Amino acid sequence: MSAPAIHDLGYRRYEGARHGAREAWRALFWQGFRAMWGLGRPFKAKAIPVFVAVVTTLPVLASLTASSVSGGQLPIRYGMLVSGQLVLFILFAAAQAPEVVSRDQQHRVLPLILTRDVTRLQYATARLAAVWFATFTLCLAPLLLAYVGEIGIAKNPAVAFKTMGSRIGPVLLYATITSWLFATVGAALASLSARRAYATASVIGLFLVVGAITTGLDQMAGLSDTVTVLLDPLRTLRTLAMVLFGETTRAMELTPPPPVGVLLAMLVVIGSAASALLLWRLRRLRV
Amino acid sequence: MSASGTVPLITTRALTRRFGAVTALDALMVTVPVGITGLVGANGAGKSTFVKILLGLVAPSDGEAAVLGHDVVRDSQAIRALVGYMPEHDCLPPEMSAAEFVGFLARCSGLPATAARERAADVLRHVGLYEERYRPMGGYSTGMAQRVKLAQALVHDPRLLILDEPTNGLDPAGRDEMLALISRTGHEFGISVLVSSHLLGELERICAHVVLIDGGRLVRADAVGTLTRETGTLIIEIDGPRDQFIDALGARGIRVSDTGHGRAERILVEIPETATTADVDTVLDGIRDAAVVTNAGLLRLERRRGQLEDLFAA
Amino acid sequence: MTHEMTRVMTAPISFEHVSVWYGDVVAVNDITCHVDAGITGLLGPNGAGKTTLLQLAAGLLPPSSGRVQLFGESPVARPEIFRHVALVPEREALPGMLTPREFVEARATLLGLRDVRGAARAALEQVELDTVATRRIDGFSKGMRQRTKLAAALVHGPRVVLLDEPFNGLDPRQRLHMMRLLEARAAAGTAVLLSSHILEEIEEVAAQILVVLAGRLAASGDYRALRRLMSDRPHTVFVRASAPRQLAAALMQSDTVLGVEIDEAGIRIRTTDFSALSRMLVRAAHHGGITLHEVQPTDESLEHVFAYLVER
């Protein structure tokens with residue numbers, strides 16, 4: 001036995017590394033990401049994320065099974081798949097963004113964060129990035145699963161990869177732009193309201209209302225398809241999906257939709273406006 | 001006052017802050033020395049604005065302020081690494097555990113993840129939270145919640161702690177423990193403390209200095225020892241016939257001034273400033289003898305000390 | 001019925017074997033006591049049952065067993081008794097969109113006062129909110145909200161005032177002012193029952209205290225008298241004198257003196273009988289020609305009394 005010793009358990013100085021705002025940003029980002037998916041929380045917090053995740057992946061599994069059983073006669077229609085899931089993605093972003101964006105304000109934690117090594121701008125970008133990245137993982141999952149699945153179940157994976165391997169590009173692009181739109185809008189509206197229910201409802205409501213208005217305008221003023229596609233973000237996304245995955249409809253062949261670049265630009269602009277609103281709002285918060 | 005060569009904790013020069021038509025701080029000039037200092041003032045006097053400026057949450061309209069030698073505007077980042085803040089209001093997310101929360105805030109102060117976790121555990125132990133730290137904070141008592149707030153202020157090893165009403169909501173035992181913790185922090189941990197509080201008794205107990213702000217200006221900044229020094233008033237409490245005792249005092253040439261407020265059994269005797277030690281001893285012996293003669297017991301005989309409360313009496 | 005019993009039963013507030021339980025939780029456990037005119041401090045650790053006692057006295061809660069009486073009558077669901085009681089609870093959401101004037105006037109109206117405006121104005125002046133009487137409450141600080149609650153409670157000049165940590169958020173001057181207000185009311189015959197953790201303040205104003213621990217009444221009465229009652233805890237008295245050792249030797253002759261400690265500051269005497277010591281002190285000093293510079297009981301304060309009670 002070594003010589004007896006009493007160790008001083010007194011307060012110790014911290015002489016170790018301090019990584020400054022970088023570490024703070026990472027902490028805020030990952031905490032936000034975990035909050036979006038309800039990780040590290042009781043089951044109730046995971047209810048919506050799990051529900052959405054399951055409901056968006058089940059159809060893919062079903063399609064993969066059908067495709068496999070039919071020996072490749074029923075290829076997966078990515079565009080159609082994803083178009084139907086947009087509402088679920090919105091639900092996720094709308095319901096979970098308040099967990100990241102409004103909580104600190106609600107519990108008055110902001111003074112504790114902002115008196116540390118992080119500026120308001122850094123705080124805002126970290127939280128927004130968390131919402132976006134979490135939504136991105138959700139949007140990507142079914143598409144990626146379909147992609148990997150299709151190649152996997154093909155009789156000759158190597159050949160399958162050669163033919164449809166390039167699909168990964170559109171898959172990533174689509175997941176990125178879809179999550180960008182929904183995350184920014186969800187986060188922006190969440191920052192305007194302290195109550196989670198209001199924020200969620202307002203996001204879903206916003207998209208529905210915009211869709212309804214566009215349809216209404218179309219019927220009243222007889223707008224061209226090009227314009228209606230650009231006015232309603234959901235329509236923009238659906239059209240983009242069809243085009244990216246090469247599933248153009250008859251109607252689209254008759255009146256070609258705007259070029260992909262324009263569709264993307266529109267979505268980027270809307271998302272950027274929403275981001276600006278979010279950043280403005282978070283920077284103005286009284287501490 | 002600080003010895004030459006040591007950097008004062010906080011200095012301000014003509015520090016001013018306006019909110020529209022309201023001037024919250026009006027050319028405030030104050031120097032806060034190292035150690036434990038109390039910050040007092042009426043509600044609306046400018047204390048919270050002052051604290052927010054020190055923490056970099058609000059910018060001054062005019063004038064300057066420096067914390068540990070760093071300017072609050074130019075060097076705000078540096079200050080925030082050196083300062084820990086314990087707000088008065090509730091600020092604990094109910095679904096998080098103390099360990100998680102303090103660890104998270106440690107990372108927000110720049111500590112890498114593993115170090116953050118270890119520091120959090122260490123600091124929570126110091127403030128007296130053991131297994132409770134893994135439970136959600138929603139179930140914490142006020143005492144536990146206040147400890148967590150203190151822990152998060154200490155986790156990044158600051159040089160200065162700013163505490164706002166740290167004993168709010170605590171029962172007497174909890175208050176004692178919190179005050180002891182703050183005292184230890186200031187004396188043993190070597191961290192300076194600025195305590196903003198309305199409870200003057202507490203500040204008298206733990207602070208070496210006190211700063212009084214009113215109307216956005218400095219009214220008084222002094223050592224607590226100076227403000228609570230002995231006055232020329234003797235307080236006497238006896239167990240026996242009061243009126244006879246007072247007569248006996250009179251017979252010995254000792255006049256009784258008004259009795260202290262609310263303490264009807266106290267008898268006050270003024271010692272004039274010009275009194276020599278011999279004079280004072282004569283008075284003390286007179287009191288002793290008056291008690292013997294009237295068969296009274298002497299329960300208390302002491303010089304009244306100044307109180308921080310006197311700062312507000314004016 | 002004896003005179004004493006009658007007096008107790010018609011006391012401003014009286015509790016007789018009162019218990020309150022919620023399922024398994026016993027919030028108040030067989031408490032018997034009464035509160036007279038004057039200021040009574042209600043002390044106890046968090047969760048001891050103080051808030052429940054105040055709610056019982058206000059008639060907001062019926063006891064699960066036992067009797068609560070205000071001036072000899074039960075206050076539960078008795079509006080005519082309510083007129084004489086006011087409760088200032090610790091947590092109460094004030095309606096943010098009202099102004100203090102509207103809030104206090106509303107209360108005055110509900111209580112059936114004749115001169116609603118006048119009473120409200122007087123109440124607001126008393127708490128120094130008259131200058132902001134027309135500003136909305138949701139812009140108020142904590143201290144201003146407290147004062148609004150106080151004004152509403154005092155507007156009808158109740159004979160019983162119940163306060164739960166009422167000075168939270170008030171600055172020193174405001175606290176002092178509120179204390180004076182309550183003292184004035186108490187001197188005029190109001191029974192004030194005041195729950196607080198700030199023992200230094202209670203010590204200044206409360207003639208009587210009630211100490212509650214885990215739902216039970218641990219002690220009641222004047223805290224100095226309580227201290228004398230604690231015979232199992234010897235008093236410690238600090239004395240500074242011109243000839244400390246000589247004095248110590250003289251005091252040691254008595255068998256009520258358990259011990260004397262001497263250091264450079266002075267002597268510390270431990271005794272089982274403080275009263276007897278106080279006489280011996282002056283006699284021994286007089287006899288020995290010793291000047292007494294300072295005599296201070298070191299554990300007589302309310303803080304010490306409370307700590308001893310909680311420790312038991």
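Computed from a prediction, not measured in an experiment: that's the story for all the values here. Order of the sequence lines fixes the chain letters, A, B, ..., with proteins taken first and strands second; residue numbering starts at 1 for each chain.
Contacts with chain A were tallied for B/A115, B/P112, B/A113; B/P112 has the most, counting heavy-atom pairs under 4.5 Å. Annotation: maximal heavy-atom pairing with chain A below 4.5 Å, among B/E118, B/R119, B/M96, occurs at B/R119. Ranked by heavy-atom pairs under 4.5 Å with chain A, the list B/G103, B/P94, B/P136, B/G190 is led by B/P94.
Of the atoms belonging to B/M86, not a single heavy atom falls under 4.5 Å from chain A.
The two residues A/R12 and B/D122 come nearest to each other via the heavy atoms NH2-OD2, 2.7 Å. Of all heavy-atom pairs spanning A/Q31 and B/F104, the tightest one is OE1-CZ, 3.5 Å. Of all heavy-atom pairs spanning B/H89 and A/P111, the tightest one is NE2-CG, 3.9 Å. Across all non-hydrogen atoms, the minimal contact from B/C108 to A/A24 is O-CB, 3.3 Å. When all heavy atoms are compared, the tightest approach of B/R107 to A/A27 is CB-CB, 3.6 Å. What you find for B/Y85 and A/L112 is that their closest heavy atoms are O-CD2, 3.9 Å.
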Going by atom type alone, with no hydrogens or angles, which donor-acceptor pairs under 3.5 Å involve a side-chain atom of residues 74-81 of chain B and a protein atom two or more places apart or on another chain?
unit_1 : atom_1 : unit_2 : atom_2 : d
B/D75  : OD2    : B/H70  : ND1    : 3.2
B/S76  : OG     : B/R80  : NE     : 3.4
B/S76  : OG     : B/R80  : NH2    : 3.3
B/Q77  : NE2    : A/D117 : OD1    : 3.3
B/R80  : NH1    : A/L114 : O      : 3.2
B/R80  : NH1    : A/R116 : O      : 2.8
B/R80  : NH1    : A/V118 : O      : 3.4

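Chain A is approached within less than 4.5 Å, heavy atom to heavy atom, by B/Q152, B/L154 from residues 141-154 of chain B, ordered by number. At a heavy-atom separation below 4.5 angstrom, chain A is approached by B/K52, B/L55, B/L57 within residues 50-64 of chain B.
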Task: Verdict with supporting geometry, A/Y14 and B/V155, side-chain contact (heavy atoms from CB on, under 4.5 Å) - done: CA-CA 9 Å; A/Y14 179 70; B/V155 75; over 6 Å; no
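Here salt bridge (Lys or Arg N to Asp or Glu O under 4.0 Å) pairs that include residues 95-105 of chain B, with residues two or more places apart or in two chains, are A/R41-B/E95, A/R103-B/E95.
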